[in-house]
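Residue numbers start at 1 and run along the sequence shown.
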Amino acid sequence: MLFSSARLLVGFAALAIALVQGAPAADAGFVIERNLVYRHVGSRTLALDAYVPSAAHGLRAAVMFVHGGGWQAGDKTTFAPGQRPFAPTALQLVRAGFAVFSIDYRLAPKDRFPAAVSDVGAAVEWLRTHAARFHVDPRRLALFGASAGGNLAALAATERHGRLDRGARVRAAVSWSGPMDLRRFDAELGGPTRRPFVESYLGCPPTICPGRYKAASPVTHIDSTDPPTLIANSTHEIVPLAQAEEMARRLADAHVPHQLLIIQGSRHAADYQAEAWAATVRFLRRYLH
């Protein structure tokens with residue numbers, strides 16, 4: 001989705017003001033509110049940023065974005081990989097008519113699985129509780145994650161046996177380059193060495209704690225009650241295409257509406273956004289509007 005240079009510059013100017021001042025900012029079409037606390041964990045606070053269309057013509061659908069970074073890096077202002085600013089992503093979704101909420105979550109190795117996915121569930125529940133403030137329909141929420149965030153978005157959308165409240169259920173999920181089966185991740189990469197970021201996130205190698213690898217893998221939680229899901233992946237990137245294909249097969253077996261978007265080449269997550277945006281927006285509009 002493309003915008004005129006003038007309108008895009010206006011949007012970036014408003015965003016820059018918000019980032020510097022830490023206060024709500026607006027252009028002709030949207031408002032930004034930063035650092036809204038959605039959860040207290042001990043003495044720590046977890047926050048999100050809200051990007052909300054200014055005009056309220058009835059209740060709107062909302063998309064909650066979960067950043068990437070190997071479960072160890074990034075924050076709510078970035079769109080991994082490469083620590084890219086989240087602003088273009090938020091602006092594109094807002095201009096498509098969605099309210100957008102980008103969250104921080106606890107990172108490994110200080111906070112290992114299941115901390116991050118629990119935080120995603122808590123953020124969804126917070127938004128559902130505060131939906132009226134943002135003129136959001138609490139029944140029309142989606143999760144959208146990139147890279148490690150894609151794993152968390154898919155996991156939060158499917159896993160509901162002990163870690164997430166039932167209130168964390170969403171209407172749709174989108175994952176760009178999200179690892180879907182951590183048990184097979186290394187084998188499908190074809191390398192002799194385990195991925196250190198996966199082991200750091202889970203706290204142990206797969207031979208020692210296979211149950212944790214299973215629990216952290218969205219493919220192991222799918223059933224017919226899961227929301228429609230879009231999975232995007234490149235053919236030769238760091239996340240093997242087999243991961244996305246297996247997720248699609250499991251969703252098909254469970255009769256869950258889904259779309260598998262395959263991008264040619266080796267680009268990962270944010271690197272193929274030009275090819276993935278139109279299909280992603282169509283998918284979200286189909287299942288949220």
Just by distance, do the side chain of [X] and the backbone of [Y] share a donor-acceptor pair under 3.5 Å?
X      : Y      : answer
Arg212 : Gly203 : no
Gln243 : Met180 : yes
Arg39  : Leu46  : no
Arg140 : Leu288 : yes
Ser118 : Pro114 : no
Asp49  : Asn35  : yes
Arg139 : Arg171 : no
Thr78  : Pro85  : no
Gln92  : Thr89  : no

Any chance the rings of Phe65 and Phe79 have centres within less than 6.0 Å? yes
Decide if the gap between the ring center of Phe283 and the ring center of Tyr287 is smaller than 6.0 angstrom. yes
Heavy atoms, side chains only, cut-off 4.5 Å: are Tyr213 and Val198 in contact? yes
Can you check whether Val120 reaches Leu155 side chain to side chain, under 4.5 Å on heavy atoms? no
Contacts of type side-chain hydrogen bond (donor to acceptor under 3.5 Å, both in side chains), residue [X], not counting sequence neighbours:
X      : answer
Thr220 : none
Arg286 : none
Arg184 : Glu188
Arg282 : none

When rounded to the nearest 0.5 angstrom, what distance separates [atom1] in [X] from [atom2] in [Y]?
X      : Y      : atom1 : atom2 : value
Ile238 : Ser177 : CD1   : OG    : 9.5 Å
Arg95  : Leu93  : CZ    : CG    : 11.5 Å
Arg133 : Leu36  : CZ    : CG    : 5.0 Å
Leu260 : Glu246 : CG    : CD    : 11.5 Å

If you take all heavy atoms of [X] and [Y], which pair is closest and at what distance?
X      : Y      : value
Ser200 : Gln72  : OG-OE1, 3.3 Å
Ala269 : Ala146 : CB-CB, 4.2 Å
Asp223 : Ala254 : C-CB, 3.8 Å
Arg60  : Val52  : NH1-CG1, 3.3 Å
Leu230 : Ala279 : CD1-O, 3.9 Å
Ala99  : Pro53  : CA-CD, 3.8 Å

Verdict with supporting geometry, Asp111 and Arg44, salt bridge (Lys or Arg N to Asp or Glu O under 4.0 Å): CA-CA 12 Å; Asp111 295 291; Arg44 300 171 58 187; 2.5 Å; yes
Show every side-chain hydrogen bond (donor to acceptor under 3.5 Å, both in side chains) that has at least one partner inside residues 253-267, sequence neighbours left out. Arg267-Glu275
Short N-O contact, Asp226 and Arg169, less than 4.0 angstrom: yes
Strictly by disulfide bond (SG atoms under 2.5 Å apart), give each pair with a member in residues 202-241 just once, sequence neighbours left out. Cys204-Cys209
Tell me which pairs pass disulfide bond (SG atoms under 2.5 Å apart) where either residue lies in residues 86-142, with sequence neighbours left out. none
Is there any salt bridge (charged side-chain N to carboxylate O under 4.0 Å, His left out) pair reaching into residues 97-106, and which pairs are they, with sequence neighbours excluded? Arg106-Asp119
Going by the rule ring-ring contact (aromatic ring centres under 6.0 Å, His included), which residues pair with [X] if we only count those two or more places apart in sequence or in a different chain?
X      : value
Tyr38  : none
Tyr105 : His67
His289 : Phe98

Less than 3.5 Å apart, any donor N or O on the side chain of Glu237 or His268 sitting next to an acceptor on the other? yes
When Leu152, Asn151, Ile231 are each screened for side chain to side chain contact (heavy atoms under 4.5 Å, CB included) with Pro218, the one that passes is Asn151
For Ala148, enumerate each residue passing the side chain to side chain contact (heavy atoms under 4.5 Å, CB included) test, keeping only those at least two apart in sequence or located in another chain. Trp71
